[in-house]
Each structure stands twice: as structure tokens, then as C-alpha cells.
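Order of appearance sets the numbers: ligands from 1, and atoms from 1 within every ligand.
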Amino acid sequence: MATSVLIVDDAAFMRMMIKDILEKNDFNVVGEAADGQQAVDIYKEQSPDLVTMDITMPEMDGITALKEIRTHDPNANVIMCSAMGQQAMVIDAIQAGAKDFIVKPFQADRVLEAINKSLA
Ligand SMILES: [Mg+2]
């Protein structure tokens, strides 16, 4: 069965870009969220195999959402999507259980490498 993925980013074009990379590589995108709270809610409904999580978002940021998801499911596979200059937040996220991180602008090869590594 195809790996199910929840894509989380407040920017619609970023979600579209990740979705495009994933669907071209046979992943099954089961949900999209535009903020951390939506991400937590959809995670609880769908239990996806993997989450790509933006850091800076309104309502609830990606690190808080990561922590809530990991509290709900300690085995959750979450990859953080960061921008340049967010190294400190990436370290926080890794300490909170994120499996890996990818840096914007995304390169398809790097996205797939991070995903495959986190699922291995
Ligand atoms: Mg953002």
C-alpha cells in the first residue's frame, strides 16, 4: 500500500509543491493542513505514515504541533520544513522527536531522501 502523508504548511503553493513531488513518487497524500491545530486534528483522524511539517504558521506553530502529535502517537514520523536561518528551531524540533528536516526551497531529491530515511 502507498505510504500516506499529511502535508502541513500555511502557504498553499508550498503544499502544492510538496504534494507534486510526493504524488509523482507514488505517495498517497491523505490530508493538507494550513496551521498546527489543523495538523493535529487531521493526524488524529487519519493516522498518516508521515507528516511534512512547516515551522512558522499562524494559530499553532509546527514545533508545538509536532509535540502534540508525538504525545498522541510516540511513533509518529514527522519531517520539519524549515527556512534559512531557522537552525535553532530545527534543533528544538529534532529534540522534540522530528525525524529529519528539509530546507526551503525544496529539492525533490532531498525531500525524497529525508522521507525514505525517516520511514526506514
Ligand atoms: Mg510557514
**Complete:** With rounding to 10 degrees, T56 O, the Mg ion (ligand 1) and D54 OD2 define an angle of 90°
**Asked** Between the Mg ion (ligand 1) and M57, is there an N, O or S atom separated by less than 2.8 Å?
**Response** no
**Complete:** Of all the N, O or S atoms in D10, the one nearest to the Mg ion (ligand 1) is OD1
**Prompt:** Taking atom CE of M84 and atom NZ of K104, what is their separation to the nearest 0.5 Å?
**Reply:** 12.0 Å
**Prompt:** So how far is it from L66 CG to I79 CD1, rounded to the nearest 0.5 Å?
**Reply:** 11.5 Å
**Request:** Check whether any N, O or S atom of D9, backbone or side chain, sits closer than 2.8 Å to the Mg ion (ligand 1).
**Result:** no
**Message:** If you apply the rule side chain to side chain donor-acceptor pair (under 3.5 Å), what do you find for S82 with Q87, and how did you get there?
**Reply:** CA-CA 8 Å; S82 71; Q87 287 88 344; over 6 Å; no
**Request:** Please round to the nearest 0.5 Å and tell me the distance separating atom CG of N75 and atom OG of S47.
**Result:** 11.5 Å
